[in-house]
Amino acid sequence: MFKRLKSRKEKSQSNSKIKLNKRNIEVPDNLYKKCKKCNETINWSDVENNQFKCPMCNHHFRLKSSDRIKLIFDRFEEFDYSDKVSDPLSFDGYQDKIKKIQDEEGINEAVITGYASINGVNVIGIVMDSYFLMGSMGVIVGEKITKAFEKAISLKYPVVLFSASGGARMQEGLYSLMQMAKTSAVVERFNQKGGLYISVITNPTTGGVSASFTMLADIILAEPEALIGFAGPRVIKQTIKQDLPEDFQSSEFVMEKGFIDKVVDRSDLKDMLSNLLVMHG
């Protein structure tokens, strides 16, 4: 009898599968994801509706530049910039890789710059995108940031910059490292003209980007638990031969050491920026 019941159950399951297949039910790949912090499986639509934060533990997921712009700015008119891919070293396969990412992400480089406003206050907006070659800084990224600050100088607009980068772009070698000096120089010119520069550090911001324009702002904010540093924790640990604190290079750790001014939850970030802009005229 047990065998007959088991057989009927298996038959029922088999029929059920056939019916499902006939209905051609498709489950979207990104319907559910596991949070890296709390390991809970969460509905991705709940994350999107919560400003791309985990509804269980408030973990801040990485944002594409387009999503960042929608969350923070009332309007964003991108600057016209049509320079071709910079490939000074003729790096094998580099141009094809860039073209593929451009087609997939719908942006031409790892940073978007433009005229923008936050709660009615006009600014020059600069938004880096870690989904474009990890937000690495090459010649064009450096040039776009430099031109954005130059426009801010001529218009006397404040600058609000969101960083997200793994550092300088290795495919462009020394040319990418030169952008550190180039962007730092234009920030200094902007500062001498009395411009207000607010930097918002997001996860991750490392390498040459963290060692140049990102840390030269008048006010430096950061999202919770963002990785902020120059060299990675493993490199530092191997160099100094010491164990590092558990939260080493997190935005909270960096704020405690005095490198940034405040850690701000993504839900509060737009109002915080608006208040700072109004406060500083």
Side-chain angles (χ1 to χ4, degrees), residues 33-42 47 51-54 56-65 67-68 97 101 110-111 126-138 141-142 145 161-181 183-184 187 198-217 219-266 269:
K33 286 190 177 181
K34 181 171 284 191
C35 176
K36 294 180 180 179
K37 183 180 177 183
C38 66
N39 289 322
E40 291 288 337
T41 300
I42 47 180
V47 175
Q51 298 188 332
F52 294 88
K53 300 185 298 177
C54 175
M56 307 298 291
C57 68
N58 204 45
H59 170 68
H60 286 50
F61 287 89
R62 286 193 295 137
L63 284 179
K64 293 187 177 183
S65 53
D67 293 322
R68 175 77 64 186
K97 190 171 186 178
I101 298 174
V111 67
I126 302 174
V127 183
M128 302 192 75
D129 195 320
S130 61
Y131 286 87
F132 196 108
L133 276 182
M134 228 12 248
S136 54
M137 179 170 63
V141 169
I145 291 172
L161 183 149
F162 288 86
S163 60
S165 177
R169 189 170 297 177
M170 66 174 188
Q171 291 92 339
E172 298 184 25
L174 186 60
Y175 293 91
S176 66
L177 296 177
M178 290 167 60
Q179 306 313 306
M180 295 172 63
T183 54
S184 297
V187 171
I198 303 175
S199 172
V200 184
I201 302 176
T202 73
N203 185 48
T205 297
T206 59
V209 169
S210 69
S212 56
F213 60 87
T214 295
M215 288 295 189
L216 298 177
I219 301 170
I220 304 176
L221 308 177
E223 288 193 331
E225 300 174 350
L227 174 65
I228 304 170
F230 183 67
R234 284 184 297 178
V235 174
I236 295 173
K237 184 177 179 179
Q238 290 170 0
T239 302
I240 66 176
K241 309 299 181 184
Q242 293 180 18
D243 291 330
L244 303 172
E246 186 176 344
D247 61 345
F248 182 68
Q249 291 186 324
S250 70
S251 50
E252 292 79 6
F253 180 90
V254 174
M255 184 180 72
E256 183 183 330
K257 301 303 178 183
F259 279 90
I260 63 177
D261 298 302
K262 190 172 181 61
V263 176
V264 185
D265 189 281
R266 191 174 290 163
L269 193 50

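Just the heavy atoms: all of them, side chains too, but no hydrogens, waters or symmetry mates, feed the values below. In this chain, numbering begins with 1 at the start of the sequence shown.
Annotation for Met56: atom CE does not count as buried by contact number, only 12 or fewer foreign heavy atoms lying within 6.0 Å. Sparse packing is recorded around CZ of Phe259, with 12 or fewer heavy atoms of other residues, nucleotides or ligands lying under 6.0 Å away. No more than 12 heavy-atom neighbours from other residues, nucleotides or ligands sit within 6.0 angstrom of OH on Tyr175.
His60 meets the ring-ring contact (aromatic ring centres under 6.0 Å, His included) test with no other residue; sequence neighbours excluded. With sequence neighbours excluded, the residues that form a side chain to side chain contact (heavy atoms under 4.5 Å, CB included) with Val187 are Phe149, Tyr197, Phe213, Leu216.
With values rounded to the nearest 0.5 angstrom, Leu63 atom CG is found 9.0 Å from Gln51 atom CD. For the atom pair CG (Leu133) and CD1 (Ile101), the distance works out to 3.5 Å, reported to the nearest 0.5 Å. Rounded to the nearest 0.5 angstrom, Leu221 CG and Met255 CE are separated by 11.0 Å. One finds the CD1 atom of Ile260 at 13.0 Å from the CD1 atom of Ile219 (value rounded to the nearest 0.5 Å). Between the OG atom of Ser136 and the CD atom of Glu172 there is a distance of 8.0 Å, given to the nearest 0.5 Å. How far CZ of Arg169 is from CZ of Phe132: 6.0 Å, rounded to the nearest 0.5 Å.
Gln179 is not listed as a side-chain neighbour of Val141, based on a closest heavy-atom distance of 4.5 Å or more. Phe248 has its side chain within reach of Ile236: a pair of non-hydrogen atoms, C-beta onward, lies under 4.5 Å apart. In this structure, the side chains of Cys54 and Ile42 come closer than 4.5 Å at one or more pairs of heavy atoms. At least one side-chain heavy atom of Cys57 sits under 4.5 Å from a side-chain heavy atom of Cys35. Contact of the Met134 side chain with the Pro204 side chain is registered, since non-hydrogen atoms from C-beta on lie closer than 4.5 Å. Contact of the Thr41 side chain with the Lys34 side chain is registered, since non-hydrogen atoms from C-beta on lie closer than 4.5 Å. Contact annotation: the side chain of Ile228 approaches that of Met215 to within less than 4.5 Å [non-hydrogen atoms, C-beta and beyond].
Pairs of residues two or more places apart, or lying in two chains, never qualify as salt bridge (Lys or Arg N to Asp or Glu O under 4.0 Å) while including a residue from residues 245-263. Counting only residues at least two apart or on different chains, the salt bridge (Lys or Arg N to Asp or Glu O under 4.0 Å) pairs with a member in residues 222-232 are Lys37-Glu225, Arg68-Glu223, Glu223-Arg266. Every pair passing side chain to side chain donor-acceptor pair (under 3.5 Å) that includes a residue from residues 235-245 is listed here, sequence neighbours excluded: Lys237-Asp243. Residues in residues 200-213 take part in these side chain to side chain donor-acceptor pair (under 3.5 Å) pairs, two or more places apart or across chains: Ser163-Thr205.
With hydrogens and angles disregarded, no donor-acceptor distance shorter than 3.5 Å links the side chain of Ser199 to the backbone of Ile220.
In plain terms, the two heavy atoms of Met180 and Ala211 that are nearest each other are CE-CB, 3.8 Å. In this structure, Ser65 and Met128 approach most closely via the heavy-atom pair CB-O, 4.4 Å.
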